[in-house]
Amino acid sequence: MIFSFKAKQIYLIFLTSLLLTACDRSKKVDVSNIDVNVKIERFDHDLDAMRTKPMDAQAISMFKKYGPFYADYIERVMQYGSIGDTAYFKPLHEMFNGQAYADLKHDVDSVYPNLDKQNEEVTDAFRHIKYYFPKKTLPKVYAYFSGFQAQTSIGDGYLAIGLDMFLGADSRFYPALTETLPHYITRRFTSDNIAPRMIEIIAREDMFPEKDQDKSLLSRMVYNGKILYFMDRMLPDLADSTKIGYTEKQMKWCDDFKSQIWGYFLEENLLYETDYAKIQKYLGEAPFTPGLGEKNEAAPRLALWTGWQIVRQYMDKHPEVTLPQLMADNDAQKILSESKYRPK
């Protein structure tokens with residue numbers, strides 16, 4: 001009887017511990033008093049003013065307001081030449097006079113007459129960044145047409161959103177781009193993807209760029225898992241499927257077959273594989289993962305999903321580890337070992 005009572009007591013303590021750590025991961029922090037208020041500047045609207053106003057004066061105004069981004073847009077995105085030479089005015093005029101520009105402007109303005117919702121979402125996410133990383137200098141945020149080149153771009157003090165890449169999965173423009181942007185990618189070109197893609201690029205390219213020496217699949221798993229965990233904390237109300245870019249069916253497949261996924265990585269000796277040709281199919285964009293599941297139903301990017309579960313389990317078991325400490329820890333083997341990740 002004594003043994004039975006103690007066993008039950010230990011079980012209850014263990015269960016309570018699991019519940020507390022799970023709650024810790026999902027609990028929300030109060031960021032309402034953090035002095036951050038984002039207003040996404042409509043670069044696309046200000047640029048359009050160059051169509052109707054004297055271009056010389058408007059170019060000066062654009063450079064004063066947008067600085068490095070204006071230069072990057074003219075010189076790198078559009079490749080119209082240096083802003084130090086007014087020769088770029090000619091191709092800019094031609095762009096404004098083209099039907100393609102008129103059609104794109106019409107659709108962007110129809111989908112985004114304002115960015116009030118996005119301002120609220122990005123403000124909340126940026127406040128979370130300041131909560132966990134109070135010394136972080138936040139970028140200015142601009143909205144523009146990327147020419148279907150990029151959803152987000154980051155530069156000298158700015159983060160830019162290509163609104164033409166968030167027009168909705170059924171946008172009339174995307175079918176013509178299927179050679180480079182197939183539907184399994186453009187289905188995510190929706191307004192609810194703006195904030196997560198912004199937070200992801202800040203994490204990947206600004207705050208926590210991947211180390212060149214991290215070549216093994218395990219290192220890449222854990223790195224990507226940390227990025228997704230960072231997004232958990234910055235976007236606590238966002239669906240997991242939107243963070244990783246899965247359909248609900250793909251999310252369910254991963255959960256249903258998590259043990260088999262992990263077993264496959266172990267049986268194929270993939271964790272310490274460094275040959276990218278052998279591991280890229282578990283990391284890169286694809287409609288599914290070949291070689292797993294039936295009828296091409298296996299979710300893509302399984303290394304990212306698995307790394308995410310490893311990092312979540314590690315943090316559940318180590319509530320004393322802060323988010324900055326996690327993001328600074330590049331010991332993938334330690335994180336895996338101490339996560340005790342063995343899905344069933």
Would you check if the side chain of [X] reaches a backbone N or O of [Y] as a donor-acceptor pair within less than 3.5 Å?
X	Y	answer
K130	I34	no
E121	A195	no
K281	K278	no
E273	D275	yes
Y112	F166	yes
S339	L336	yes
Y80	Y73	no
Q149	S146	yes
T123	V38	yes
T178	L181	no

List the atom of [X], the atom of [Y], and the distance in Å for their closest heavy-atom pair.
X	Y	value
E285	Y184	O-OH, 4.0 Å
V29	Y132	CG1-OH, 3.7 Å
I154	I201	N-CD1, 4.0 Å
M327	K226	O-NZ, 3.3 Å
A303	F265	N-CZ, 4.1 Å
G293	W253	CA-CZ2, 4.1 Å

Residues two or more places apart in sequence or in another chain: which of them pass side-chain hydrogen bond (donor to acceptor under 3.5 Å, both in side chains) with E294? none
R127 meets the side-chain hydrogen bond (donor to acceptor under 3.5 Å, both in side chains) criterion, sequence neighbours left out, with N37
Hydrophobic clusters here meaning ILVMFWY residues chained together by side-chain heavy-atom distances under 4.5 Å, can you tell me if I74 and I60 are in one?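 In one cluster: no.
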Give a yes or no on whether F288 and I279 share a hydrophobic cluster (residues Ile, Leu, Val, Met, Phe, Trp, Tyr; joining criterion: side-chain heavy atoms under 4.5 Å apart).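 Looking at the clustering, I279 is in a separate group from F288.
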[atom1]/[X] to [atom2]/[Y] distance, rounded to the nearest 0.5 angstrom?
X	Y	atom1	atom2	value
S153	F69	OG	CZ	5.5 Å
L104	L167	CG	CG	6.5 Å
R220	E210	CZ	CD	5.5 Å

Begin from the C-alpha positions of Y101 and D48 and carry the test side chain to side chain donor-acceptor pair (under 3.5 Å) through to its verdict. CA-CA 10 Å; Y101 174 81; D48 188 64; 2.6 Å; yes
Taking only Lys NZ, Arg NE, NH1 and NH2, and the carboxylate oxygens of Asp or Glu, determine whether [X] and [Y] approach each other closer than 4.0 Å.
X	Y	result
K28	D237	yes
K90	E94	yes
D109	R42	yes
K136	D206	yes
K340	E338	no

Do F96 and F89 make the cut of ring centroids closer than 6.0 angstrom?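 No, too far apart.
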Side chains of [X] and [Y] only: does a donor on one sit below 3.5 Å from an acceptor on the other?
X	Y	value
D240	W308	no
D103	Q99	yes
Y282	Y264	yes
Y229	Q309	no
Y142	D44	no

Which pairs, with at least one residue in residues 189-199 and sequence neighbours excluded, count as a side chain to side chain donor-acceptor pair (under 3.5 Å)?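 Applying side chain to side chain donor-acceptor pair (under 3.5 Å) to every pair that reaches into residues 189-199, excluding sequence neighbours, yields T190-D192, T190-N193, N193-R197, R197-E200.
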Side chain to side chain donor-acceptor pair (under 3.5 Å) evaluation trace for E75 with Y70: CA-CA 8 Å; E75 297 172 2; Y70 180 67; over 6 Å; no
Apply ring-ring contact (aromatic ring centres under 6.0 Å, His included) to Y314 and H318, showing your working. CA-CA 6 Å; Y314 171 79; H318 295 277; 4.7 Å; yes
The test is side chain to side chain contact (heavy atoms under 4.5 Å, CB included); show your working for L217 and L283 and say whether it passes. CA-CA 9 Å; L217 182 62; L283 296 159; 4.2 Å; yes
With side chain to side chain contact (heavy atoms under 4.5 Å, CB included) as the criterion, how do M50 and M62 come out once you've worked through the C-alpha distance, each side chain's angles and the decisive distance to 0.1 Å? CA-CA 9 Å; M50 296 180 77; M62 290 290 289; 4.1 Å; yes
What verdict does the side chain to side chain donor-acceptor pair (under 3.5 Å) test give for Y223 and N330, after you've listed the backbone C-alpha separation in whole Å, the side-chain angles of each residue and the deciding distance to 0.1 Å? CA-CA 8 Å; Y223 169 77; N330 295 317; over 6 Å; no
Heavy atoms from other residues, nucleotides or ligands near CD of E179 exceed 12 (cutoff 6.0 Å): no
As a quick check of understanding, evaluate side chain to side chain contact (heavy atoms under 4.5 Å, CB included) for F230 and I199, giving each step before the final call. CA-CA 9 Å; F230 176 83; I199 296 304; 3.7 Å; yes
